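Notes for the one structure printed next.
Quantities reported herein were computed from a predicted structural model and do not represent experimental measurements. By convention in this document, chain letters (A, B, ...) are assigned in the order of the sequence lines, proteins followed by strands, and residues within each chain are numbered from 1. Side chains are part of it too, since the values below use all heavy atoms of this structure and drop only hydrogens, waters and symmetry mates.
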Amino acid sequence: MENVFEIHDLSSWFGENQVLKKIRMDIARYSVTSVMGPSGCGKSTFIRCLNRMHDMTPGFRLSGQILLDGVDIHSEQIDPVYLRRRVGMVFQQPNPFPRMSVFENVAVGLKLNGKAHSRADIAERVERSLVMAALWNEVKDHLDQPGISLSGGQQQRLCIARALAVEPEVLLMDEPCSALDPASTAKIEELIEDLSEKYTIAVVTHNMQQAARISDQVAFFLMGELIEMDKSGKIFTNPSDKRTEQYITGRFG
Amino acid sequence: MTGTITFRRKAVDRAMKWVFYLCAFLVVLPLFLIFFDLVIKGAKELRWSLLIDLPRPVGEPGGGIANGILGTVVITLLTMTWSVPVAIMSGIYLAEYGRGKFASAVRFAVDTLTGVPSIIMGIFAYVLLVVPMKRFSAWAGAAALSMIFIPVVVRTTEDMLRTVPTTVREAALALGITRWKATLRITVRTAWPGILTGILLAMSRIIGETAPLLFTALGNQFWQSHLDQPMAAVPLQVFTYAISPYEDWHDKAWAGALVLITMVLLINIAARVLTREKR
Ligand SMILES: Nc1ncnc2c1ncn2[C@@H]1O[C@H](COP(=O)(O)OP(=O)(O)O)[C@@H](O)[C@H]1O
Ligand SMILES: [Mg+2]
C-alpha cells in the first residue's frame, strides 16, 4: 500500500528539552494509526509536527524528515498554510469558534481559504461535511444556533465537520474523546471507522480498547521514543517489546 | 479569654465589611450627586431650543447649543475614523505579534500616553497643526483627541485579544487559514464585544474633553461645516458659559453640562447592552 507520510529520524526540541527522539514511521493511505503512550511522552508533539502546528512556538526546532507524498513538508515547495489544508486537525478539547453559528463554524474554513466558493456551493459543502461527521440530523434545524451551545460530543463532531469541510487528505486527532462521555466516545469511534474509507487518520488515544477497535496499526511511544509499531491485533496480544507489554498489562492489572 | 478574642475578631470582621460597603458607596455617590445637581440646575434652560438653536448674545432669552452638539458629533466621528483602525491594528500587533523589545517599548509608551494630562495633547496639537496652518480647526481638535483615544483603545484591544484562548487560534490555523486572516476574521471576532466596549468607553471619554479643544477646535458661535475652521463643541460652550459673569449664561452652562453627561451616559449604556447581548 502506498504511504501518505514517511517519517525519517524525526527529533524535536522545545529549547533544550528534547521531546522526540529519532522517530521513524510510515503511514499508509486510508489507514487508521493510533498513537499511544503515557502522558508527556510526546504524542501531541509528534502529531503536531505532521501539520507544522509548532511553527509558531518559540524555541521549537526539529531535525529529520517528514515526507508527505514523497515531498519534505519543510521544503520550499510546501507552504504551511496549504499543508494544513491537506492535513486537518481535531483537538483534545472541542473548540468550536465562539460567537459563530453551527453553519459558520463549518463554512469559515471555506470562506477564508482564498478559493472563491458560491453561497450555494458553501451550503452544499457544509451539509456534506455535517453528514460525514454524523451531526447533520441533530443540527439541521438549528444551523443558526451558536456552535458552543451544542453538547460536548456534538461540539467535537462539529469540529470534525469543520476540519472535513476544507477537504483534507489526512485527519490528525489528538485525544478527540478524552473530554467526552462514553456514548459520545462511541459515536466518534464509529465515525473514525467510517471516515477511514476516504481519509488517512492518525489518532492519539489513551484508551487501549478504542485503539484496538479502530486502528490498523498502533504506535507505542515512551519518553520521546517510538518503542514499537505494529498491527493492533499483534501489539495488544503479543507485543515484541517488554516495555509495551508492561504498559499494556500495567493498565489492566 | 478565647471567648473575648473570638468576639473581638467577629466585631472587627463586621466593622471591616461596613468599611468596604461605605467606600463602595462613596465611589458611586458623586455620579448621583452630579446628575441630580445637573438635572435641577440645568432643567431651567432645558428645552427644545437648546438642542436646535444657535447661541444668542447675552441677555437675549432662548438660544441653544445646537452647533456645539453638531460640532461634538463631527469632531468625535472625525477622530474615530482614523483612530479606531490604527488603535485596533496596534492592539493586534501587541497581542498577536509583539514579543521583542519594540513591543515592550510600544506598550510602555502607550501606558505613558494614557497618563499624560489632556491639556498637553491640546498644546501639542496646537504647536504641530494650528501654528503651521495659521488657524484653529476641527482637524486640530480631532488630532488632539486622537492622542487620548488611541492609547486607551490599543490597550483594551490587546487585553481583550489576550482573553481569546490559544485553542481558537490553533483551530483557525489548522484549517489552512493564513495568520492575518485568522487574526482579523476569527480572533478579533471572538474578542469583538470587549473591543467594542473599549471603543465606546474611549469615545465617551473624548466627548467630554475640554482642555485639548481649547487651543485646537477653539469653539464657534455659528454653524460651521468646514473642517479647517474653528468648530464649536459642547464642552467648549459649557466652559465659555460657565466662566462668563452672566447669570443666564450660567444656566445655559448647566443645561449644556446636562446634555453632555446624558450623551456619555447613553454611550455607556450602549456599551453595556452590546456586550451583554452576544454572550
Ligand atoms: N509548547 C511547549 N513548550 C515547551 N515544552 C512543551 C510544549 N509542548 C509540550 N512540551 C513538552 O513536551 C513533552 C511532551 O509533551 P506532549 O507532546 O504534550 O505529551 P503527550 O501528548 O504525550 O502527553 C512534555 O515534557 C512537555 O512538557
Ligand atoms: Mg497530549
- Heavy-atom neighbours of B:Tyr93 OH exceed 12 at 6.0 Å: yes
- Does atom CE of B:Met89 have more than 12 heavy-atom neighbours from other groups under 6.0 Å away? no
- Which heavy atom in B:Pro193 sits nearest to a heavy atom in A:Arg99, and how many Å separate them? CD-NE, 3.6 Å
- Message: Given heavy-atom pairs under 4.5 angstrom as the criterion, report whether the side chain, backbone, both or neither of A:Pro58 touches chain B.
- Response: side chain
- Note on the structure: Rounding to 0.5 Å, atoms CG (A:Asn113) and NZ (B:Lys181) come to a distance of 7.5 Å
- Query: Between B:Ala182 and chain A, which part of the residue has a heavy atom less than 4.5 Å away: side chain, backbone, both or neither?
  - Reply: neither
- Any chance OH of B:Tyr97 has more than 12 other-residue heavy atoms, nucleotides or ligands included, within less than 6.0 Å? yes
- Item | A:Phe14: partners by ring-ring contact (aromatic ring centres under 6.0 Å, His included), with sequence neighbours left out | A:His54, A:Phe60
- Query: In terms of heavy-atom proximity below 4.5 Å to chain A, should B:Arg179 be classed as side chain, backbone, both, or neither?
  - Reply: side chain
- Specify which of A:Gln92, A:Arg162, A:Met89, A:Arg52 makes the most heavy-atom pairs with chain B at under 4.5 Å. A:Arg162
- Message: Check B:Arg189 with A:Glu104, please: is the shortest side-chain N to carboxylate O separation under 4.0 Å?
- Response: yes
- Message: For the CG atom of A:Leu112 and the CZ atom of B:Arg185, what is their distance to the nearest 0.5 Å?
- Response: 5.0 Å
- Task: Go through A:Val108 and B:Ile186 one step at a time and tell me if the side chain to side chain contact (heavy atoms under 4.5 Å, CB included) criterion holds.
- Result: CA-CA 9 Å; A:Val108 71; B:Ile186 295 175; 4.0 Å; yes
- Message: Which heavy atom of A:Gly109 sits nearest to which heavy atom of B:Ile177, and what is that distance?
- Response: CA-CD1, 4.2 Å
- Measuring from B:Leu173:CG to A:Met53:CE, what's the distance to the nearest 0.5 Å? 5.5 Å
- Rounded to the nearest 0.5 Å, how far apart are CZ of A:Arg84 and OG1 of B:Thr178? 10.5 Å
- Is the count of non-hydrogen atoms from other residues, nucleotides or ligands lying under 6.0 Å from A:Lys198 atom NZ greater than 12? no
- Item | Neighbour count above 12 (heavy atom, 6.0 Å) for A:Lys187 NZ | no
- Item | Minimum-distance pair of heavy atoms, taken over all atoms of B:Leu175 and A:Phe97 | CD1-CE1, 4.0 Å
- Query: Between B:Val168 and A:Pro98, is any pair of side-chain heavy atoms under 4.5 Å apart?
  - Reply: yes
